[in-house]
Amino acid sequence: MANFAKPGGPQFSVDVYQNEYLPEGGREVNAIVTVTARGGTAPAGPGASAAVVLMVDCSGSMDYPPTKMRNARDATAAAVDTLRDGVHFGIVDGTHVAREVYPGGGRLAVADPTTRAQAKQALRRLGAGGGTAIGTWLRLADRLLAGADVSIRHGILLTDGRNEHESAAELKDTLDACAGRFTCDARGVGTDWEVKEVTGIASALLGTADIVADPARLTEDFTRIMESTMGKEVADVALRVWTPVGTRIKFVKQVAPSVEELTARRTEAGPRAGDYPTGSWGEESRDYHLCVEVPAAGLGQEMLAARVSLVTARPDGPAQNLGAQGLVRAVWTDDMAASTSLNAQVAHYTGQAELAQAIREGLDLRKAGDMDGATAKLGRAVQLAGVSGNADTAKLLAKVVDVVDAPTGTVRLKAKVAEADEMTLETRSTKTVRVKK
């Protein structure tokens, strides 16, 4: 384990959990890499080093019921109140076009009592009408954030409907253009939005996604998001993975607090090294699963399979090494007990990743009318949730299936499922629990 303290920010540490022993001819090395940031020394948070743009869906559907629009205005006002002095911020009205609500003029305001009051006054004028083209909202947020001389750039996006006024390809192009430029939390309110769209936005922009089925809970959720954003102190942190000649990285994925594939997001960082983006950090801890294929070696031999370090890697400047690093090893042995023992961390998170996949596949099969397939997949999910102690996911599953026997994964699909319950399970399917130590 190595530590690094960023001046004025948290201290990073890296811990590696693995069974390094391989049988003769073994080639696959698995490790869980825990990255922890502790002890930020900036008591007031990021202050002027942060910028936030709030994107509020103002399409016509936000007027059904009318309380939804009111709840959205109140939630955004609460988020504005949570901003610390010195934070740059702006509000965007999103329909089939994007419009600056506050402050306007292609710029961001700087939070203080006066600008917060002005922003809340501007919010009172928001009304519903028009279509939905989320890519235009994100591109405007990107332009506004790019103009701020800050390190933390963050968006918060709220929608209640499907992205019907632009194509999926247009939204993807926007997400590709914005990736790495700012992070974004996405929320779907009500039950008329598309889960894969909202979770896809959050995934591409390294933020969180969730459902707020009851619009009355928006204020609580927006306040929590903004509090989390105010706690971020280090932007654009990447896992840098170096591997020796002859090795191949099979995958890199975040496995806690949620499952997130990072393999395809690699950017080259010199000979045999690549960076995998993790976004912005405050005081928190996350786990990553690294799988490396190594050359076969003889009994008694050992090698360094990978070296994992942390860097800040903005696209417009040189990377800064954060110092913390961990080593992944491979040792070949004829001790069967040693080489066949599965590390508890690796086993746990392998199960959590399978749990998320089983839920997604089960719900897709249910929607397609394959009830037998859906029953099998969701039964497996119930089994995995029980084994891993993921009680929250188990409760969500129990709203979609009747659990006959959890240990064997024996379930029956419920005849009637509330749309909000199914969407909540799908949206939160990637949320994991950490292994008990």
Side-chain angles (χ1 to χ4, degrees), residues 52-77 79 90-102 104 122-145 154-179 181-205 207-219 221-222 225 367 419-420 422-424 426-427:
V52 184
V53 171
L54 297 114
M55 292 160 273
V56 184
D57 190 337
C58 292
S59 60
S61 58
M62 286 292 288
D63 236 357
Y64 300 96
T67 51
K68 194 191 296 182
M69 192 71 238
R70 186 173 69 243
N71 289 140
R73 288 193 297 263
D74 291 346
T76 307
I91 302 169
V92 168
D93 164 343
T95 59
H96 53 283
V97 294
R99 182 178 67 89
E100 295 176 57
V101 175
Y102 183 83
L123 281 169
R124 296 191 183 103
R125 298 191 293 271
L126 282 187
T132 305
I134 294 174
T136 65
W137 316 353
L138 291 166
R139 286 188 183 273
L140 176 54
D142 183 35
R143 290 195 297 273
L144 293 170
L145 291 166
H154 195 83
I156 298 174
L157 184 148
L158 172 71
T159 184
D160 82 322
R162 293 171 175 81
N163 197 40
E164 294 175 337
H165 287 78
E166 66 181 356
S167 68
E170 287 174 315
L171 178 57
K172 183 181 184 304
D173 287 345
T174 295
L175 293 173
D176 289 344
C178 293
R181 294 174 58 81
F182 67 97
T183 56
C184 184
D185 294 316
R187 294 294 184 268
V189 60
T191 57
D192 293 327
W193 49 280
E194 178 60 51
V195 172
K196 288 181 174 58
E197 283 180 353
V198 170
T199 56
I201 291 165
S203 175
L205 302 182
T208 65
D210 207 350
I211 179 174
V212 186
D214 180 359
R217 299 186 68 91
L218 274 174
T219 294
D221 188 76
F222 265 41
I225 295 174
K367 292 173 187 174
E419 192 170 15
E422 183 175 357
M423 291 178 71
T424 301
E426 185 177 2
T427 305

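Residues: numbered from 1 along the sequence shown. The structure presented is a predicted model; accordingly, all values stated were derived computationally and were not measured.
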Going by side-chain contact (heavy atoms from CB on, under 4.5 Å), T159 matches just one of D192, V189, I134. Which one? I134
Keeping the roles fixed (side chain from K172, backbone from A168), state whether a donor-acceptor pair exists under 3.5 Å. no
Measure from the side-chain N and O atoms of T199 to the backbone N and O of V195, and report whether any donor-acceptor pair falls under 3.5 Å. yes
Compare every heavy atom of [Y] with every heavy atom of [X], then report the nearest pair and how far apart it is.
{"X": "H165", "Y": "G131", "answer": "CE1-CA, 3.4 Å"}
{"X": "A77", "Y": "L123", "answer": "N-CD1, 3.6 Å"}
{"X": "M55", "Y": "G155", "answer": "CE-CA, 4.0 Å"}
{"X": "M69", "Y": "G127", "answer": "SD-C, 4.2 Å"}
{"X": "I211", "Y": "A420", "answer": "CD1-O, 4.1 Å"}
{"X": "T191", "Y": "M423", "answer": "O-SD, 3.4 Å"}

Please determine whether side-chain contact (heavy atoms from CB on, under 4.5 Å) holds for the pair S59 and E164, giving the CA-CA distance in whole Å, both sets of side-chain angles, and the decisive distance to 0.1 Å. CA-CA 11 Å; S59 60; E164 294 175 337; over 6 Å; no
If I take atom [atom1] from residue [X] and atom [atom2] from residue [Y], how far apart are they, to the nearest 0.5 angstrom?
{"X": "L175", "Y": "L205", "atom1": "CG", "atom2": "CG", "answer": "5.5 Å"}
{"X": "I91", "Y": "L126", "atom1": "CD1", "atom2": "CG", "answer": "7.5 Å"}
{"X": "T136", "Y": "L140", "atom1": "OG1", "atom2": "CG", "answer": "8.0 Å"}
{"X": "W137", "Y": "D93", "atom1": "CH2", "atom2": "CG", "answer": "9.0 Å"}
{"X": "E197", "Y": "N163", "atom1": "CD", "atom2": "CG", "answer": "5.0 Å"}
{"X": "E194", "Y": "I201", "atom1": "CD", "atom2": "CD1", "answer": "11.0 Å"}

Contacts of T183 that satisfy side-chain contact (heavy atoms from CB on, under 4.5 Å) - sequence neighbours left out: H154, L206, S280
Candidate pair L138 and F182, rule side-chain contact (heavy atoms from CB on, under 4.5 Å), full reasoning: CA-CA 10 Å; L138 291 166; F182 67 97; 4.2 Å; yes
Of T427, D57, T208, D160, the residue whose pairing with R187 passes side-chain hydrogen bond (donor to acceptor under 3.5 Å, both in side chains): T208
Could you walk me through whether M62 and T132 pass the side-chain contact (heavy atoms from CB on, under 4.5 Å) check? CA-CA 11 Å; M62 286 292 288; T132 305; over 6 Å; no
For E426, check salt bridge (charged side-chain N to carboxylate O under 4.0 Å, His left out) against everything at least two apart and list the hits.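 So E426 forms a salt bridge (charged side-chain N to carboxylate O under 4.0 Å, His left out) with K196, K367.
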Go through the steps to decide whether V212 and L158 satisfy the test side-chain contact (heavy atoms from CB on, under 4.5 Å), and finish with yes or no. CA-CA 10 Å; V212 186; L158 172 71; 5.9 Å; no
